[in-house]
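These notes concern the structure reproduced below.
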Protein chains: 2
Amino acid sequence: MNKNIFSQIYSDYTQRIETGLLKTGIKLPSENEIAEEYATSRETVRKALHLLSQNGYIHKIRGKGSFVLDMNRMEFPLSGLVSFKELSERLGRTVQTLVHETALVPSTQSIARQLKIAEGEPVWKVVRAREIEGEKVILDKDYFLASVIPVLNEDTARDSIYAYLEGELSLKIAYAKKEISVEKVSEEDRRLLDLARDTHIVIVRNYVYLEDTTLFQYTESRHRLDKFQFVDFARRNPGEE
Amino acid sequence: MNKNIFSQIYSDYTQRIETGLLKTGIKLPSENEIAEEYATSRETVRKALHLLSQNGYIHKIRGKGSFVLDMNRMEFPLSGLVSFKELSERLGRTVQTLVHETALVPSTQSIARQLKIAEGEPVWKVVRAREIEGEKVILDKDYFLASVIPVLNEDTARDSIYAYLEGELSLKIAYAKKEISVEKVSEEDRRLLDLARDTHIVIVRNYVYLEDTTLFQYTESRHRLDKFQFVDFARRNPGEE
DNA sequence: CAGTGGTCTAGACCACCAT
DNA sequence: TGGTGGTCTAGACCACTGT
């Protein structure tokens with residue numbers, strides 16, 4: 001797929017680790033051996049192994065080697081930039097998406113502030129409820145810059161907007177900022193989700209940026225308390241000690 | 001401090017960005033210029049810039065240059081491996097720590113499972129309530145492998161255990177796994193925190209590993225709903241597209 | 001001691017952006 | 001066209017681990 005040697009090595013190993021072909025604790029071949037195997041230089045191999053290490057797949061120990069970590073990678077509900085569709089496939093659960101709204105609307109004051117645009121500038125508003133095993137537990141409210149996305153219909157909203165953006169529009173998503181907090185349930189939450197007597201709801205605010213640093217999407221993902229989980233892997237940085 | 005050239009460059013720039021000396025949107029010198037400035041090779045500079053990019057300080061654009069990002073770095077309450085003490089200093093708030101317990105105890109079944117040790121193996125148990133602006137809103141329950149930490153007294157618990165571990169014991173913390181969820185409040189929560197009529201509480205479970213992949217600490221950080229916030233920065237990986 | 005990963009070099013070629 | 005970052009090379013030396 002990707003012609004870069006280092007990302008080929010990276011995905012070869014992520015695959016082997018995710019499928020269980022390489023199990024927890026297993027020692028990888030040495031950097032020199034992998035370099036020889038791929039007929040490349042050691043620095044290129046190191047680039048791939050560094051990425052594996054950053055993402056919690058392996059841990060490198062000087063003088064010893066690189067070892068596969070056990071990070072329960074199957075349950076990464078919100079880490080990184082993975083979309084709901086990809087997630088539900090990974091989890092293999094009975095999930096369904098109910099699209100409540102797909103419309104091109106002028107941005108409200110609140111949304112304009114989140115997306116750092118002028119009030120009234122057009123945005124695509126998409127409201128979707130996520131049903132897991134028969135219960136509506138997540139409410140996703142997405143807002144996309146209309147200047148970046150020409151058309152958006154309900155079918156793509158039900159399927160995967162990200163596949164459409166990256167596939168057909170070939171928009172390049174670069175990075176995102178996520179904020180998690182807990183707030184009081186709104187009237188809309190009560191109407192569109194199965195909440196019983198809940199008083200609070202987890203809110204994940206997601207700001208997504210393109211390669212050219214344009215902020216093009218703001219998402220508010222509202223999760224019922226008992227169905228929320230977030231997993232994060234972090235490494236100690238050089239500057240922090 | 002650190003004799004590595006790349007981490008020197010890294011911390012030079014994190015400092016300049018954090019202090020506002022380099023503001024959002026500013027273009028960094030080109031990689032060749034920085035290399036010349038530090039009398040080093042371009043690949044070494046690239047290593048530093050890559051780290052800056054991974055941690056949300058800058059964004060690199062091919063053909064254009066590297067630019068400082070605005071990631072509101074002052075409010076990173078839980079990202080990475082930063083400790084409460086470091087945080088409170090950064091936030092500059094009125095914070096206080098109440099140590100409720102500092103004891104060497106045999107591990108219970110539950111704790112033994114979390115730390116993957118045999119039931120009964122000795123662990124240091126530290127229970128601390130965190131008071132922010134007069135309200136007790138966070139309850140931290142730490143468990144450390146006693147085989148790794150010989151002594152631990154209440155003074156270090158009140159100050160910073162991490163400074164003690166990394167400074168005096170020179171333990172090297174390598175990575176951590178964090179899990180965030182929301183659960184029902186416990187009787188202990190009610191006793192040690194200012195909760196009013198809250199029914200739920202945010203729980204951050206933190207598993208901390210050393211350089212040799214030993215799991216040596218398990219922490220349960222229990223946050224009052226309204227005082228909890230988590231911020232995360234994520235980049236798109238090569239394998240994900 | 002040989003083998004491992006960690007850092008660094010001085011080049012090279014490519015893809016993209018501005019002019 | 002010249003400048004930028006992205007990838008890659010073929011070496012070098014160092015720090016650490018094992019035997």
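We name chains A, B, ... by the order of the sequence lines, and we start the count at 1 in each one. Every heavy atom of this structure was used, including side-chain atoms; hydrogens, water molecules and symmetry mates were not.
Backbone-only engagement by A:Ile5 is indicated by non-hydrogen atom pairs under 4.0 Å involving sugar-phosphate atoms exclusively.
Evaluation of the side chain to side chain donor-acceptor pair (under 3.5 Å) rule for A:Thr214 yields A:Asp212 as partners, not counting sequence neighbours. In this view, A:Tyr164 satisfies the ring-ring contact (aromatic ring centres under 6.0 Å, His included) rule with no residue, not counting sequence neighbours. Looking at residues two or more places apart in sequence or on another chain, you find no ring-ring contact (aromatic ring centres under 6.0 Å, His included) involving B:Phe216. Every salt bridge (charged side-chain N to carboxylate O under 4.0 Å, His left out) that B:Arg205 has, sequence neighbours left out, goes to B:Glu183. For the side chain to side chain contact (heavy atoms under 4.5 Å, CB included) test, residues two or more places apart in sequence or in another chain that qualify with A:Arg42 are A:Glu31, A:Asn32, A:Arg46. Under the ring-ring contact (aromatic ring centres under 6.0 Å, His included) criterion, A:Phe144 pairs with no residue, sequence neighbours left out. With sequence neighbours excluded, no residue forms a side chain to side chain contact (heavy atoms under 4.5 Å, CB included) with A:Pro106.
Between chain A and DNA chain D, the heavy-atom contact criterion of under 4.0 Å yields a 5' to 3' nucleotide range of D:dT7 to D:dG18.
Of the residues in residues 23-41 of chain A, those with a non-hydrogen atom less than 4.0 angstrom from any atom of DNA chain C are A:Ser30, A:Glu31.
Pairs passing the salt bridge (Lys or Arg N to Asp or Glu O under 4.0 Å) check and including a residue from residues 105-127 of chain B, sequence neighbours excluded, read B:Glu101-B:Lys125. Within the structure, the salt bridge (Lys or Arg N to Asp or Glu O under 4.0 Å) test picks out the following pairs touching residues 141-151 of chain A (sequence neighbours left out): A:Arg128-A:Asp142, A:Lys141-A:Glu188.
For A:Lys60, no side-chain nitrogen or oxygen approaches OP1 or OP2 of C:dT4 to under 4.0 Å.
Heavy-atom contacts from other residues, nucleotides or ligands closer than 6.0 Å to CD of A:Glu37 number more than 12.
As a whole-Å value, the separation of A:Glu211 CD from C:dC17 P is 10 Å. Summarising the geometry, the separation between CZ on A:Arg46 and C1' on C:dG5 is reported as 6 Å, rounded to the nearest angstrom.
When each of A:Thr44 and A:Gly63 is assigned the nucleotide of DNA chain D bearing its nearest heavy atom, the one mapping closer to the 5' terminus is A:Thr44. Residue A:Gly65 is the one, among A:Glu43 and A:Gly65, whose nearest nucleotide of DNA chain C lies closer to the 5' end (criterion: closest heavy atom).
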Secondary structure string for DNA chain C (Watson-Crick or G-U under 3.5 angstrom, | for other-strand pairs): .|||||||||||||||||.
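Counting only N and O atoms by type, the side chains of B:Ser181 and B:Glu179 include no donor and acceptor under 3.5 Å apart.
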